[in-house]
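The structure appears below as structure tokens.
Since we're looking at a predicted model, the values are computed, not measured.
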Amino acid sequence: MTALRIGLNLTFLVADSGGSGSYARELIPALLGVEPGVRITGFVNADAPDAVARAPWAGEVDWVRFPIHPQRPGPLAPLVSMAVQWGALPALAARRRLDVVHGLANVVPPLHPRVATVVTVLDLIWLRHTTTMTRRATLGMRLAVPPSARTADRVIAISRAARDDLVRTLRLPPARVDVTHLGVRLDETVPPTPEMELRQSLGLGDAPFVLCVAQVRPHKNIGGLVEALARLADERTNLVVVGPHTGHEEELRARAARLGVDRRVHLPGWVSDPDLEGLYRAAACFALPSFEEGFGLPILEAMRRGTPVACSDASSLPEVAGDAAVLFDPHDPSSIAAALERLLGDDALRARLAQAGLARCRDFTWEATARATLQSYRRALAEPRAGRARTRA
């Protein structure tokens, strides 16, 4: 099998790229591990985090840095960014004789006569939940994502639920959309911050706490989790939400105050890797109450640490959780509270779910993600759209 020459559109990568950043950082070494002869060119922006360049696998990637600054947006920034991604990137890909360009976060050039293209459309949440992004970012997505998806040779969805949404909403041919689940690293270990140190810094005392790791955005339904907290029988139980600070926090804090649980709701923002590791291990359970997710990677991150999980029965989350979590209706705070009560009050259930969660994680590996992604690349090369012929040098 001939080794592929792959270009990855990583121009979205910044220090706080969330799940899309994790996807990139895990997929690249997995591709290199599955097919050691593969050649990867990474197209990044001028603000790409130094951690990427320092990664153990970074020396195996040919980096191309574009002069765009996602974290310093001016009035022309979106136009410059799209000019780079839709103009300069395909020109460089052709010049470097790449076989395929893959946009890992929703965008590939719609005009690409000399290179195959694959785009991962992570989700369409921004179409339905318009406060998820700024108006400018949402407009950029509306302009870039539909043409990227409709003109790419292959489209990757990260769950079956996301695939069905793409097919239904963007009217994509089902046969052109591949489902490629994300993965989790079972061998990854970070020395955790001691539990007592975390409890002291967050003001948790010795009370049990529910952990949620999520962007603090309305569609993540943290408000429903706050409502559920107020319904719990044990009035000592706390809620810790790890995610970037946003304007939505004011609404959450006001709701918590109205319900009388403001002292039990903690929004520390992003925390260090050791602190996050310690929080996962110390939490009584993990909860993800989202109305909609493209995948739901935090569920697996909790499961691999042996933390019992409760999550929404909506979107992709049941697909990821399987039978290793307690499911609830995210639109009903009483349902969320009942699920949390089950976990908090049943030691045997928590132990069973901890074991089931670890087993569930073994079904989602980055190696499997890489193999499925390579299959998408080869399908794109084997069946070029609009009769475009491609030959290798």
How close do [X] and [Y] get, counting heavy atoms only, and between which atoms?
X      : Y      : result
Leu267 : His245 : O-CE1, 3.3 Å
Ala46  : His69  : CB-CE1, 3.4 Å
Leu252 : Gly223 : CD2-N, 3.4 Å
Asp329 : Ser335 : N-OG, 2.9 Å

Checking [X] side chain against [Y] main chain: does a donor-acceptor pair fall under 3.5 Å?
X      : Y      : result
Arg199 : Gly205 : yes
Thr246 : Val216 : yes
Gln85  : Pro109 : no
Ser316 : Glu319 : no
Asn238 : Arg236 : yes
Ser312 : Phe291 : no

Is any NZ, NE, NH1 or NH2 atom of the basic residue among [X] and [Y] found under 4.0 Å from an Asp or Glu carboxylate oxygen of the other?
X      : Y      : value
Glu277 : Arg305 : yes
Arg378 : Glu35  : yes
Glu195 : Arg281 : no
Asp262 : Arg255 : no
Arg379 : Asp153 : no
Glu293 : Lys220 : yes

* Step-by-step side-chain contact (heavy atoms from CB on, under 4.5 Å) determination, Thr307 to Leu211 -> CA-CA 10 Å; Thr307 308; Leu211 176 65; over 6 Å; no
Would you kindly say whether [X] and [Y] are connected by a side-chain donor-acceptor distance under 3.5 Å?
X      : Y      : result
Gln375 : Asp178 : no
Asn45  : Thr11  : no
His102 : Thr120 : yes
Tyr23  : Thr369 : no
Glu26  : Ser22  : no

* To do: Measure the OG-NE2 distance between Ser290 and His129 for me, rounded to the nearest 0.5 Å.
  => 9.5 Å
* Asked: Within a strict 4.5 Å, meaning less than it, do heavy atoms of the Leu10 and Phe12 side chains meet?
  -> yes
* May I ask you to decide if the ring planes of Trp63 and Trp57 are parallel, tilted or perpendicular, using 30° and 60° as cut-offs? => tilted
* Asked: Which is it for Arg128 and Asp165 under the salt bridge (Lys or Arg N to Asp or Glu O under 4.0 Å) test, yes or no, and what are the steps along the way?
  -> CA-CA 12 Å; Arg128 286 176 288 275; Asp165 190 16; 2.4 Å; yes
* To do: List the steps, then state whether side-chain contact (heavy atoms from CB on, under 4.5 Å) holds for Leu317 with Ile299.
  => CA-CA 8 Å; Leu317 297 184; Ile299 288 177; 3.6 Å; yes
* Evaluate salt bridge (Lys or Arg N to Asp or Glu O under 4.0 Å) for Asp62 paired with Arg96, printing each intermediate quantity in order. => CA-CA 11 Å; Asp62 182 14; Arg96 288 167 174 263; 2.4 Å; yes
* Within 6.0 Å of CZ in Arg231, more than 12 heavy atoms from elsewhere ->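 More than 12 heavy atoms, drawn from other residues, nucleotides or ligands, come within 6.0 Å of this atom.
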* To do: Would you check, one step at a time, whether the test side-chain contact (heavy atoms from CB on, under 4.5 Å) holds for Thr117 with Val100?
  => CA-CA 5 Å; Thr117 57; Val100 60; 5.9 Å; no
* Aromatic ring proximity, centroids under 6.0 angstrom, His266 and Phe209 -> no
* Asked: Are Phe364 and His181 an aromatic pair by the rule of ring centers under 6.0 Å?
  -> yes
